Protein chains: 2
Amino acid sequence: MEYSYEAPVLTVDAVIFQLIDHQLNVLLIKRSREPFKGDLALPGGYNPKGETTLSALERILLSKTGLNKNKLKLIEQLYTFDTIARDPRGHAVSVVYMGLCRNVKITPSITKEQPRFMPLSKLPNLAFDHQAIIDYALERLASKVSYTNAIFGLLPKEVTLTQLQRAYEAVLGHKLDKRNFRKRILALDLLKPTTKYSTDGAHRPALIYLFRKQSLETSNKLID
Amino acid sequence: MEYSYEAPVLTVDAVIFQLIDHQLNVLLIKRSREPFKGDLALPGGYNPKGETTLSALERILLSKTGLNKNKLKLIEQLYTFDTIARDPRGHAVSVVYMGLCRNVKITPSITKEQPRFMPLSKLPNLAFDHQAIIDYALERLASKVSYTNAIFGLLPKEVTLTQLQRAYEAVLGHKLDKRNFRKRILALDLLKPTTKYSTDGAHRPALIYLFRKQSLETSNKLID
DNA sequence: ACAAAAGTGTTAAGAATACACCCATGT
DNA sequence: ACATGGGTGTATTCTTAACACTTTTGT
């Protein structure tokens, strides 16, 4: 087999989520070439021999969108798609990662791909099957935040309970009851109260909490 | 980039589970070449251009172990490993699948790889990081059976409640309470009672139930 | 008769849900 | 003073967990 073996093309793609204005956004670029020239797509590219998929992903993200890997608070492999007609010339296998970040500003003019975050609720038609990939990633994220502390990836180290609740609501796609949410979150021991208060408007200041962990931990209880 | 692009080697590997004698077993082969010559390993091989990973997997399974794809009651992608030194000559990326089957007899003499099912509890040292892959697959399976009907993949269409309980126990790795188990399983509406009884020994015959679905369905309740 | 697995309910504890008002601040 | 989001408790329902004896069969 090896003598006649020729490998398919290997690519990597990234679904990078960020909360902007309490809405879940995803990082997209404009395709500069056929196929789907001019359409929006997930950032991605070729994975050459000798480079791991994660390292290729980080390199490509930086070059196409200016997003540095140290801005990603969480990155994990999502799924490998092998039926994508990414390149009309032949078979391509794409390893897709999902990443979370916060407070990242992307300047579209940085590259010809004009990277930008766009709200999930207002996406135009995307290239390839990238809409389906984003849907899948969102499903995975929603499931992930309900049995891990993954939500920290979308938030600063210090949060108010309302900020946290907004983040869960954006990911899960539905409203949560304030009192029940607080009871459960505090019971999970995810957060440590500080003595500081956030004063961000014409209302009572909110107590600030600290995430106990900034790395992925699995819990046995659920948020849904 | 494309002009100088050379793809890594792409491989596929399979973690195939089956219950034998109420124990979870995994399909292994003996490596006939270096590296790890003589050690047991997951069945796998090269994925050439033009073939999807699933189709390559099915082809390789058949050729190396004699297991036909129509014996797999469930097969799904598990994870893509890209740091495996599968081939000492260079970078290899391996897409790993997990599959479930039942009542499959493998004849080791069928190929020089001497395929066989072995109980998870008694595995020798395996080639590469295949032990870690199996651990990961088992974890995924345990999680899967607790929120889907995936357990059907390990059992015949018709089962008794005790058989079903044994299967859950083998996958989850711990005992379940008989009365609570029955209440919950029947509440899930996974099964349909028949009017037949199984008489397989010196004891009261057990009512036989039928799986309502032989395809993966997600439930909202949990077995744990 | 006995061994072996099948079958069957109740109670208690814990978890989830529904729900409405006062508090502290900025303007 | 009013608008805005922050903060708090209870009662009810539902879910889970713990637990032991009788039934039916083959030998």
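Chain identifiers are assigned alphabetically (A, B, ...) following the order of the sequence lines, protein sequences preceding nucleic acid strands; residue numbering begins at 1 within each chain. This one's a predicted model, so the numbers in the text were calculated from it and none came from an experiment.
- Taking Y168(A) as the reference, F181(A) meet the ring pair (Phe, Tyr, Trp, His ring centres under 6.0 Å) condition, with sequence neighbours excluded.
- With sequence neighbours left out, Q77(A) forms a side-chain hydrogen bond (donor to acceptor under 3.5 Å, both in side chains) with no residue at all.
- Contacts of F128(A) classified as ring pair (Phe, Tyr, Trp, His ring centres under 6.0 Å), with partners at least two apart in sequence or in another chain: F36(A), H130(A).
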Could you go through residues 192-199 of chain B and list every donor-acceptor pair under 3.5 Å that involves a side-chain atom there, pairing it with any protein atom two or more places apart or in another chain?
| unit_1 | atom_1 | unit_2 | atom_2 | d |
| --- | --- | --- | --- | --- |
| T194(B) | OG1 | K196(B) | N | 3.1 |
| T194(B) | OG1 | I208(B) | O | 2.5 |
| K196(B) | NZ | E158(B) | OE1 | 3.2 |
| K196(B) | NZ | E158(B) | OE2 | 2.8 |

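- Remark: R212(A) engages D189(A) in a salt bridge, criterion side-chain N to carboxylate O under 4.0 Å.
- Less than 4.0 Å separates DNA chain C from at least one heavy atom of each of the following residues of residues 181-189 of chain A: K183(A), R184(A).
- Spacing between atom CG of D177(B) and atom P of dG9(C) amounts to 15 Å, rounded to whole angstrom units.
- Listed by chain and residue number, E76(A) satisfy the salt bridge (Lys or Arg N to Asp or Glu O under 4.0 Å) test with K144(A) (two or more places apart in sequence, or in another chain).
- Within the structure, side-chain hydrogen bond (donor to acceptor under 3.5 Å, both in side chains) contacts touching residues 93-110 of chain B (residues at least two apart or in different chains) are T11(B)-S94(B), D13(B)-S94(B), T53(B)-Y97(B).
- For Y136(A), the ring pair (Phe, Tyr, Trp, His ring centres under 6.0 Å) test picks out Y79(A), with sequence neighbours left out.
- At a non-hydrogen distance threshold of 4.0 Å, A202(A), H203(A), R204(A), P205(A), A206(A), L207(A) from residues 194-210 of chain A come into contact with DNA chain D.
- Residue pairs meeting the side-chain hydrogen bond (donor to acceptor under 3.5 Å, both in side chains) criterion with at least one partner in residues 113-127 of chain A, sequence neighbours excluded, are T111(A)-E113(A).
- The distance between atom NZ of K178(A) and atom P of dG9(D), rounded to the nearest whole Å, is 13 Å.
- Contacts of residues 154-176 of chain A with DNA chain D (heavy atom under 4.0 Å): T162(A).
- Between the CZ atom of R179(B) and the C1' atom of dT10(C) there is a distance of 9 Å, rounded to whole Å.
- Applying the ring pair (Phe, Tyr, Trp, His ring centres under 6.0 Å) rule to F117(B) yields no partners; only residues at least two apart in sequence or on another chain are considered.
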